[in-house]
Amino acid sequence: MTDGLRDFVEDLQPRQLPPPLQQQQQYAHISRQRGRRPMFGQRPVAPPQPLSPNVTSAAAAAAAQTGVADSNNINDESIRNLPEPSSQSTLKKQLLGPSVLKSGQDNVDQSKVAEIIYEASKGSKYFANESRKDLELTKRIDRILRKKAEIEKIDTSVDLKRADAYIAALELDRDLSQTIVHVDCDAFYASVEELDRPELKTVPMAVGKGVLTTCNYEARKFGVRSGMAGHIAIKLCPQLIFLPLNFEKYNAKAKEVREVLARYDERFEAASCDEAYLNITGYLAKHNLDPEEAVEKMRQEVFEHSKLTVSAGIAPNARIAKICSNKNKPNGQFRVGNDRSIVMSFMKSLPVRKVNGVGRVFERELEAVGIKTCGDIYPLRGLILKLFGQKAYEFLISVSLGLGRTVIRPAEEYIRKSIGSESTFPDLEGTANLREKLRKTAEALEEDLTKTELQGRTLALKVKMFTYEEAIRQKPLPYPIWKAGDVYEYALPLLTKLEEEYKPMKLRLMGLRMTNLSSRKKSGGSGGGSGGNFFKPVIVKKRKLGAEVEEKWEEWPEEEWGKYDEAGFEVRRADEGDMDPDELKYFDGLESDDLVGLECDDDDDEKERNEKSASDEEEKKEEEVVYWPCPICDLPQMPDDRAFNDHVDYCLSRQTIREAVREGGGERDTTPVAPPLTRTGGSASPEKATMSTVFKEYKQTGSHKNPLPSRRGRPRGKKRKL
DNA sequence: GCGGATCAC
DNA sequence: TATGGTGATCCGC
């Protein structure tokens, strides 16, 4: 350790400046971590030996030996839980960490890295926990595969038809008119540190302790990654230099970057400290610039202004832009053009893991059923709903089509739904000790509640046992609280409850979190939640079976990532034109929910769920209901007048469009990209490639609305802005 | 509504 | 000696 580094740590101890953006608060806490340990300074060791060509470290050599066969280590006592040798490989991959597919690791031998990590982890409690989780996942995947076999036995043509109808509806909504940019700073924290200490540029260096927050590209050559445990990183790269976090510095730099971004889209969306989305459609039109030119210029300006390099992705929507920004990292950019065939061919070979929302677990589940790339989704579209559920279905389908949101808006317009504080510490046990820790945790939470001027009506206590097993107990409160004393008082019963459940409870982490938030600001403000004075949140209801829907909740990761527009902010982007996407989705959702007999119990009405025999009820209904066949698409509809009429209207509008396509000859854009996506039986359009083109015209004229006299009123209510 | 799990950063 | 913290969502019960 060096004194200089220690000074750094002392310096930031009181810490925490008001983060300009909501998202940044999630990082602010880190700087006040207790129990800091000595920093690792430079060690007198052998010169750097990247893992790229040859691994020469002792650990690697040892690993190489044991690594001949994956199952060689199975007799280790600590991993006796492991079922069969085959799961070793998945576990190793799991241990590799979440960012294997990220950039900067292309020339690193991942299997050797995996071995080293595996060897270094073996025997630890952490490892045992990972093994347990891996086993659970393997079992779950087993169930999924059995389910798949079941489904394949029966007739899936109805599911296929429904999927095709859904896809057709989504296709109608496709918007290729916007140019979205995702900007991502390269190794942000590490780069900022290098500005102050240029000599670090040429040596492997990491920021953060315990778990690395990030590391520079020199370090990545050794297989070091962000999110990696510090002691593992040392095994991979003994000469790795560790720096402490310095959020003031990072925030200042982030601000500089944002100043430039604002020139291109004043309503850009800061997704985190070092990431942002921009809609540069307006900018391009105004300055008559090519997207690539403009972004090139923007990155150049960012560099001149902040001395930091950024990477960027340019695409018709945020999801693809995000993927693109990783493509030519560092200091590069990549564009997927605003053209359906380009989008489709880009998605076709893209590993699903690259998509935001597909993590290590989902990746394995998908792989098990034969989905490795986004192009693999479409052929299985008839199975996915039953295999993974409604949300995952909607998500995967939209991913396979390369769809994503095109509305970008400032982070300030999102409302926070929870606020919490948690910390890890050396194993702790004993009622008195745990209560003391609880008190400290409550005080930390009060601090954040004070800063944000929030209060909450539901309190949750989270603990992590010394075995890494986690548990949460939560409780609604009689009134909103924010003071540490109150928090402690209400948290104590939760703690004692846990102590009873887990007999001698030994903890390594404790956290408190408040939900059901409301603002304590006099002037209203953005705090949302029940109890709020000015901005009462919109009641957002999830899809309900058959019944009228006041507000619909946008499907999972697809759009807003759960953040919603509390006070009904007017979003003024062009893309939310006249065709209300909700309506299409509504009908489709209704269809699938109703017909599949899926457990769609997203009701907010308590009475509806009082019957524990919900599933029985469901089945009974399923048998009794007589569906009305739609005269257009022939798919069975719920016997509900309004819903039926809505559906027919919808089908007619699609029919109209289809005919328009045929008349127009459908000659444009006919490249047969992504073959599976162009044609399937049933109601799918014969020429989807042109549908979006046609639809654009419809959007302009607005003539698609109510192609025939409507028989009733649409389910009204505030339309969800996408 | 609760608790566990997953995901992103 | 020994693998983080904040916030959000989804699923099963």
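Being a predicted model, the structure only gives us computed values, none of them experimental. Each chain gets a letter, A, B and so on, in the order the sequences are listed, and its residues count up from 1.
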Quiz item: How close do Ser325(A) and His182(A) get, heavy atom to heavy atom, and via which atoms?
Solution: OG-ND1, 2.8 Å
Quiz item: Looking at the side chain of Ser421(A), which of dT6(C), dG4(C), dA8(B) is the nearest nucleotide?
Solution: dT6(C)
Exercise. Report yes if the side chains of Leu438(A) and Leu512(A) come closer than 4.5 Å at any heavy-atom pair, otherwise no.
Key: yes
Practice problem: Measure from the side-chain heavy atoms of Arg140(A) and tell me the nearest of dT6(C), dT6(B), dT3(C). | Solution: dT6(B)
Quiz prompt | side-chain N/O Lys322(A) vs dC9(B) OP1/OP2, d < 4.0 Å | solution = yes
Quiz item: With a 4.0 Å cut-off on heavy atoms, is Glu130(A) in touch with a base, just the backbone sugar-phosphate, or nothing at all?
Solution: nothing
Practice problem: Would you indicate what Ala471(A) reaches in the nucleic acid, counting non-hydrogen atoms under 4.0 angstrom: base, sugar-phosphate, or nothing? | Solution: sugar-phosphate
Quiz prompt | Proximity to the side chain of Val211(A) - top-ranked nucleotide from dG4(B), dT3(C), dA8(B) | solution = dT3(C)
Quiz item: Counting side-chain heavy atoms from CB outward, which of dT6(C), dC10(C), dA8(B) is closest to Asn356(A)?
Solution: dA8(B)
Exercise. Look at the side chain of Thr424(A) and decide which nucleotide, out of dC2(B), dG7(C), dG4(C), has an atom nearest to it.
Key: dG4(C)
Quiz item: dC7(B) P sits how many Å from Leu137(A) CG, rounded?
Solution: 9 Å
Practice problem: Give Ser121(A) one of three labels, base, sugar-phosphate or nothing, depending on what nucleic acid heavy atoms sit under 4.0 Å from its own. | Solution: base
Practice problem: May I have the distance from Lys133(A) (atom NZ) to dC7(B) (atom C1'), rounded to whole angstrom? | Solution: 12 Å
Quiz item: Can a side chain N or O of Arg508(A) be found less than 4.0 Å away from OP1 or OP2 on dG4(C)?
Solution: yes
Exercise. With sequence neighbours excluded, tell me which residues meet side chain to side chain donor-acceptor pair (under 3.5 Å) with Lys462(A).
Key: Glu422(A)
Quiz prompt | Among dC9(B), dT6(C), dG3(B), the one nearest Ser272(A) by side-chain distance | solution = dC9(B)
Quiz prompt | Integer-rounded Å distance: dC9(B) P and Tyr250(A) OH | solution = 19 Å
Quiz item: Quick one: which of dG7(C), dG5(C), dC7(B) gets closest to the side chain of Val361(A)?
Solution: dC7(B)
Practice problem: Could you say whether Pro426(A) or Ser418(A) is positioned toward the 5' end of DNA chain C, judged by the nucleotide with the nearest heavy atom to each? | Solution: Pro426(A)
Quiz prompt | Shortest side-chain distance from Leu509(A), nucleotide among dG5(C), dT3(C), dG7(C) | solution = dG5(C)
Quiz item: Which is true for Arg513(A) with a 4.0 Å heavy-atom rule: it touches a base, it touches only sugar-phosphate, or it touches nothing?
Solution: base
Quiz item: Once you round it to whole Å, what is the distance between C1' of dC10(C) and CZ of Phe395(A)?
Solution: 13 Å
Practice problem: Check whether any side-chain heavy atom of Val207(A) sits under 4.5 Å from a side-chain heavy atom of Cys215(A), and report yes or no. | Solution: no
Quiz item: Just by distance, with hydrogens left out, do Arg513(A) and Ser418(A) show a side-chain donor and acceptor under 3.5 Å apart?
Solution: yes
Quiz item: When rounded to the nearest Å, what value does the distance between P atoms of dT3(C) and dA8(B) take?
Solution: 23 Å
Self-check item: Interatomic distance where CD belongs to Gln474(A) and C1' belongs to dG7(C) [whole Å]
Solution: 14 Å
Quiz item: Do Leu308(A) and Phe188(A) have side chains that get closer than 4.5 Å, going by heavy atoms?
Solution: yes
Quiz item: For the side chain of Ile472(A), counting heavy atoms from C-beta on, which of dC9(B), dT3(C), dG3(B) is nearest?
Solution: dG3(B)
Quiz item: When you measure from the side chain of His231(A), which nucleotide among dC2(B), dC7(B), dT3(C) comes out closest?
Solution: dT3(C)
Quiz item: How long is the line joining CG of Leu245(A) and C1' of dT6(C), in whole Å?
Solution: 14 Å
